[in-house]
Structures are given as structure tokens and as C-alpha cells.
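Values below: every heavy atom of this structure, side chains too, minus hydrogens, waters and symmetry copies.
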Amino acid sequence: MMPILQLLCVEVALIGIGAFLLWKPELIWKLDHLMDVKNGEPTDFSLAMIRLTGTVMVVGAVLLPVILLAVEA
């Protein structure tokens with residue numbers, strides 16, 4: 001089984017990154033396309049996919065301990 005401190009670090013990282021993806025998808029898009037597009041704007045689909053990725057990360061972080069406990073048992 002994964003050590004508790006390592007699991008906690010993974011949980012905090014996933015929740016933090018996922019929350020940031022949900023909170024600031026426009027900034028994430030700008031960082032992703034910094035060198036590609038000048039004065040570009042993200043599409044609604046692109047912002048939705050960024051938010052979906054953040055949601056999946058947060059839900060995955062919540063379910064990770066449950067899955068690890070189920071595998072361990």
C-alpha cells in the first residue's frame with residue numbers, strides 16, 4: 001500500500017490542480033496557448049473541456065483512497 005504521506009501529497013496535488021482548472025479555465029487556456037495565438041480567445045468547448053478535466057481530477061482525488069482500500073482488502 002502507498003504510504004500515507006505520499007497518498008496525502010497526491011491527494012492535495014490533484015485537488016489543488018483540479019480546483020484551479022475549475023476556477024480559472026481562461027488562464028489555463030492562455031498559458032497553454034501562450035506562444036501559439038496572439039490576442040486569441042478560448043472557445044466555449046475548450047473552456048468546458050478544461051472544467052471537465054478539473055472535475056475529473058477532483059472526483060478522482062476523492063475516490064482514490066476508496067479504490068486503494070478496496071484493492072487492499
Distance (rounded to the nearest 0.5 Å) between [X] [atom1] and [Y] [atom2]:
X: L47; Y: L52; atom1: CG; atom2: CG; value: 12.5 Å
X: R51; Y: I28; atom1: CZ; atom2: CD1; value: 11.5 Å
X: K30; Y: E41; atom1: NZ; atom2: CD; value: 6.0 Å

Is it true that [X] and [Y] fall in one hydrophobic cluster, defined by side-chain heavy atoms closer than 4.5 Å?
X: M57; Y: L27; result: yes
X: L31; Y: I50; result: yes
X: W23; Y: I17; result: yes
X: V10; Y: L8; result: no
X: L34; Y: L21; result: no

Report task. Answer yes or no: are there more than 12 heavy-atom neighbours, outside D36 itself, under 6.0 Å from its atom CG? Result -> yes
Query - Minimal non-hydrogen separation, L22 against G54, with atom names - result: CG-C, 4.1 Å
Query raised in the report: If every non-hydrogen atom of S46 is compared with every non-hydrogen atom of W29, which pair is closest and at what distance?
Result: OG-CD1, 3.1 Å
